[in-house]
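Report on the following structure.
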Amino acid sequence: MVSSAPKIPATNRIGLTLADYKGSPSTLCDGCGHDAITSQIIKAYYELGIEPHTVAKLSGIGCSSKTPAYFLNRAHGFNSTHGRMPSVATGACVANKDLRMIGVSGDGDTASIGLGQFCHLVRRNVPMIYIVENNGVYGLTKGQFSATADLASKSKSGVLNELPPIDLCGLAIELGCGFVGRSFAGDPKQLVALLKAAASFKGTAVLDVISPCVTFNNHEGSTKSYKYAKEMETPLHELGFIPFYEQITVDYEPGTVTDVELHDGSHLRLKKTNRDYDATSKAEAVATIAQAAADKQFLTGLLYINEDKENFAEVMHMSDTPIVHIPNEVLRPKKEVLDEVMQSLM
Amino acid sequence: MGTHTVKTLEANTAQKVESGRVVNDFSIEVGTVNGSGSQSSNSVLMRSIFQMGIPVSGKNLFPSNIAGLPTWFTIRVNKNGYIARKKDIDILVAMNPQTAIEDVKNLKPGAVCVSPQEMNLQAIRSDVKHYPVPFTELAAKATDNIKLRKLVTNMIYVGVVAELLDIDQSEIENAIRRQFKKKQSAADLNIKASDTGREWAKENLKKDDPYYVEKMDLTAGKIIIDGNAAAGLGCMFAGVQVATWYPITPSSSLCESLIDYMKKYRLEPETGKATFAIVQAEDELAAIGMALGAGWAGARSMTSTSGPGISLMAEFAGYGYFTEIPVVIFDVQRVGPSTGMPTRTSQADLLSAYTLSHGDTKHIVLLPGSVAECYEFAVKSFDIAERFQTPIFVLSDLDLGMNNWMSEAFTYPDQPMDRGKVLNKEALEKAGVFERYRDVDGDGIPYRTIPGTDHPLAAYFTRGSGHNEKAGYTERPEDYVNLMNRLLKKLETSKKYIPLPIVDHNKNAKAGIIAFGSSDFAILESRDQLQAANIQTSYLRLRALPLTDEVKNFIEAHDHTYVVEQNRDGQLRDLIVAEYPQFATKIRSLRHYDGLPLDARFVTDSIISEEK
Ligand SMILES: Cc1ncc(C[n+]2csc(CCOP(=O)(O)OP(=O)(O)O)c2C)c(N)n1
Ligand code: SF4
Ligand SMILES: [Mg+2]
């Protein structure tokens, strides 16, 4: 580039810049894991060239749930009530099945107050990305243990957690979720690949992302601190994502990579690490999660993928036109219909 | 109703009894067991009288139980068109051995009792006219199928009663055919059963009571429907797009009727696919969450529930109010608190619905007073919700919602749908600015955009936390005050848009009556009774909250005003006194809260005792 030329910011395939995918400035604590995840969301949507106005951002309540305000300013956002984002998303989905929904929640928001709605969202397979920014505590209410805190993890004030954690990935798989990933806010490469793949998935894609709370849960003895996660992270595979609009290349040794094609023509490349993991096997996923918990291992990557299940928009047998775009004339039946009903009641 | 010619019910009855005949003016009660299949027989009985042109109403008094507990169905036949509950029963069909003795004991002297022979009820009351019937024997005659005998017994009592009252046999048959529309053989069997009862009665019973039906011409063009089906129908004609619900008595049949209608009339003819989504949620928190999500996304959305569900919806109701999302919430009221008496009627959710939330909240509440208004207000509620961008409550009750009412046929909406202030791509382009919560028009109602709108100005962030006109986060005191005041202004604007009270101002009346909802039927009848007792009244039927000037003017114009309602605490009275404290001493409160529908006599007797 000639040094005198004006600096033209890079654009993606639809001509937007990275800035077009940003949100308002974050008001979270400096270094909060949630902000790192926000950056990867911005990057993933930018790189995929998704039109921001087609996206709807939803969340519950918590520090994590504030973050939809910090990305994609050109998308409508819905910061709902504590633990109830799944129902809002379900309603938005049936109203307009063409919205590309991304939901951000916290471990308190999902695993405690919102566990019921989370289960039913997964059961219905509402098409959306559902991210749990998991820090093992209630950040916004100042550091109480959440239901994902590990046994014997230590609170800032020195108290040991005495109840076993709820594993949201295991639970999601149990409930029939077809896209379950676990990642770490400090592993941007893996997280972006997972986010991109999740955006192409046709049902509920659950991402449980360890996202340290630097203010209340980043100390020695915590199993959700940066230090602990960095040291313990064991990726199941190396993840690559090739969107539908890009040429696929075969540049790997046979037998080292599993290629999963998604319904929109995108490809997920799962490259073997030192272990052989089959992310398409539900039994293997469940067993692996249980074993990792027993071994106090922090496994990351795509734990399970299966795109066979119909999503909720399909199950509802709705018109091809999103319900919100059906014109008033069609919505209100003609007078003859009322006459017919009245006649039948006379 | 012209005041000079109207005779009270009692006056008419007395006169007819003297001449030995009481025509088209009595009530029948059938005491049976829940789940015994008597529902269709009772419908047939009611329908056949209706088809003879005589005004009727039917009420099912049932326990919170699926099968085995007592249930009573009452049919009121009234030539003057009174369709409220009548306290006294004239004709009892005592089919339930569990309650028969009690039921007979409750009768007035001179009443009629049809019962199975073997119960020997004559021994209990000799001042009642008994018609013992050998039902077991007759059932054996009506069908060889032992399994069906219990069921056909129900149609045998229909035949017996039809013969005693002189109901046209052809109308009985029409009503049976209608009831068993698609099932020819079931219809035939039931016609045979009713014939068996009728024939036996003709040969064996000597008519010795004054009650008769005679053909009239008062039901032509009229329909019979329950309030929940009427509301469901209204939702369909409102163009509802998304409905969510969680089953609860007495509201379930609203969404169930809606589903039936929508499956019949709202599938795309070419593809058979739905132009709507109806979701059975996992609970009421989710039901209202889904409805709000859909409303936010631009769909006409609703949910339907009863008291306990309303409590669960409180947080989201406040959220919807504060973030300004249209949604319609039906509350078919039942007795609370808690499960209370789930199959009994009440008007005790008025205050909780009006202020449902945490923090300062006042919702628009519609109060339908008839099945026709259940339909009409259902249609209107979606227009109001979208115009005012807020949750709208429609308060019906079990009596209105689950019982069968005679009504004028419903009319087709005469106004196009009002989808409110929505800016689409073109409008945004033209406006050049968009601030989600700015009061551009001075009516308190801002503009909104729908997610997915392809314009750089379209997006905004919906949040339950403090927000400024641009939908940005704020904790500034003046921003919050501005917002709260604008929401009040919106409520003020709504007064020009909500259904206004219906006022019958009687210039000679010192006493006014204010009531709402299903109380109307009893009030209309009571006013005639009061008139006959030389007590003039005016009447204001409230049809919505917030209260409007009509209420103030009405109370002002009368010496004193009775506020009649079906709850213990006088909730409407409290609202009125809070709004117009200057009238505190002019208000008298009449409260009926035993779970049974309000009856005219209660109102009349209470007012007479105060007026005399
Ligand atoms: C109904 C309700 N109860 C309690 C709260 C208080 N509250 C706000 S955030 C929060 C916990 C959030 O924890 P989490 O989802 O893990 O988010 P984080 O702040 O850790 O990101 C609680 C209990 C609330 N807002 N609403
Ligand atoms: S309190 Fe914790 S979770 Fe909340 S913003 Fe600060 S670091 Fe993040
Ligand atoms: Mg947390």
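Order of the sequence lines fixes the chain letters, A, B, ..., with proteins taken first and strands second; residue numbering starts at 1 for each chain.
Chosen from A/A56, A/G23, A/S80, A/P322, the residue pairing most often with chain B at heavy-atom distances under 4.5 Å is A/S80. Per-residue counts of heavy-atom pairs under 4.5 Å with chain A were compared for B/D283, B/T449, B/T271; the largest is that of B/T449. Most heavy-atom pairs under 4.5 Å with chain B, from the set A/E340, A/R124, A/Q343, A/R74: that is A/R124. For chain A, the option among B/I450, B/I288, B/I225, B/L292 with the highest count of heavy-atom pairs below 4.5 Å is B/I450. Contact count against chain B (heavy-atom pairs under 4.5 Å) is highest for A/V341 among A/I61, A/V341, A/D339, A/L72. Ranking B/A458, B/P456, B/G295 against chain A, the residue ahead of the rest is B/A458, based on heavy-atom pairs under 4.5 Å. The choice from A/T90, A/N96, A/N328, A/D20 that makes the most heavy-atom pairs within less than 4.5 Å of chain B is A/N328. If you tally non-hydrogen atom pairs under 4.5 Å between each of A/M85, A/H317, A/E51 and chain B, the highest count goes to A/H317. Interface check for chain A: of the options B/A274, B/S301, B/A297, B/A238, the most heavy-atom pairs under 4.5 Å are formed by B/A274. Residue with the most contacts toward chain B among A/L58, A/T321, A/V337: A/V337 (heavy-atom pairs, distance under 4.5 Å). Of the listed residues B/R463, B/M236, B/M417, the one with more heavy-atom pairs under 4.5 angstrom with chain A than any other is B/M417. The greatest number of non-hydrogen atom pairs below 4.5 Å with chain A, out of B/G239, B/G464, B/P451, B/A277, is found for B/P451.
In this structure, A/K57 forms a cation-pi arrangement with A/F71, its terminal cationic atom sitting closer than 6.0 Å to the ring centre and no more than 45° off the ring axis. B/R300 forms no cation-pi arrangement with B/F382, by the criterion of a distance under 6.0 Å to the ring centre and an angle within 45° of the ring axis.
In this structure, no portion of A/R123 lies under 4.5 Å from any heavy atom of chain B. Within the 4.5 angstrom heavy-atom criterion, no atom of A/T27 approaches chain B. With a 4.5 angstrom heavy-atom cutoff, A/A69 touches chain B via backbone and side-chain atoms both. Using a 4.5 Å cut-off between heavy atoms, B/A291 makes no contact with chain A at all. For A/P52, no part sits under 4.5 Å from any heavy atom of chain B, backbone or side chain. Proximity to chain A is limited to the side chain of B/I325, based on heavy atoms less than 4.5 angstrom apart. Residue B/T411 touches chain A through its backbone alone, counting heavy-atom pairs closer than 4.5 Å. Only the backbone of A/N73 comes within less than 4.5 Å of a heavy atom of chain B; no side-chain atom from C-beta onward does. Neither the backbone nor the side chain of B/L267 comes within contact range of chain A, judged by heavy atoms closer than 4.5 Å. With a 4.5 angstrom heavy-atom cutoff, B/A471 does not touch chain A via any of its atoms. Only the side chain of A/L99 comes within contact range of chain B, with heavy atoms under 4.5 Å apart.
When only modelled atom types and interatomic distance are considered, B/T462 and B/W296 share a side-chain donor-acceptor pair under 3.5 Å. A/T17 and A/T11 are not linked by any side-chain donor-acceptor pair at a separation below 3.5 angstrom, with hydrogens and angles left out of the test. Using a 3.5 Å distance cut-off with no hydrogens or angles, the side chains of A/N79 and A/S59 do pair a donor with an acceptor.
Not counting sequence neighbours, the partners of B/T275 by the side-chain contact (heavy atoms from CB on, under 4.5 Å) test are A/I326, A/V330, B/R266, B/E268. For B/Y473, the side-chain hydrogen bond (donor to acceptor under 3.5 Å, both in side chains) partners at least two apart in sequence or on another chain are B/E475. Under the side-chain hydrogen bond (donor to acceptor under 3.5 Å, both in side chains) criterion, A/D320 pairs with B/K273, sequence neighbours left out.
Between the side chain of A/D107 and the backbone N or O of A/V137 there is at least one donor-acceptor pair closer than 3.5 Å. Counting only distance, with no hydrogens or angles, the side chain of A/T67 and the backbone of A/C63 share no donor-acceptor pair below 3.5 Å. Of the possible donor and acceptor atoms, none in the side chain of A/S26 sits under 3.5 Å from a partner among the backbone N and O of A/Y70.
Within residues 316-324 of chain B, the residues that have a heavy atom under 4.5 Å from a heavy atom of chain A are B/F316, B/Y319, listed by number.
Using cut-offs of 30° and 60° on the angle between ring planes, the pair B/Y375 and B/F410 is parallel.
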Quiz item: Should B/E435 and B/Y447 be marked as a side-chain hydrogen bond (donor to acceptor under 3.5 Å, both in side chains) after you check the CA-CA gap, both sets of side-chain angles, and the distance that decides it?
Solution: CA-CA 8 Å; B/E435 292 176 359; B/Y447 285 80; over 6 Å; no
Self-check item: Criterion ring pair (Phe, Tyr, Trp, His ring centres under 6.0 Å) on A/Y138 and A/F216, from CA distance to verdict
Solution: CA-CA 9 Å; A/Y138 294 176; A/F216 298 110; over 10 Å; no
Quiz prompt | Worked check of side-chain hydrogen bond (donor to acceptor under 3.5 Å, both in side chains) between B/T303 and B/Y246 | solution = CA-CA 9 Å; B/T303 180; B/Y246 185 75; over 6 Å; no
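Ion pairing of B/K425 with B/E429 is absent here, as no side-chain N (NZ or NE/NH1/NH2) approaches a carboxylate O to less than 4.0 Å. Comment: A/E133 does not engage A/K66 in a salt bridge, judged by the lack of any side-chain N to carboxylate O separation of less than 4.0 angstrom.
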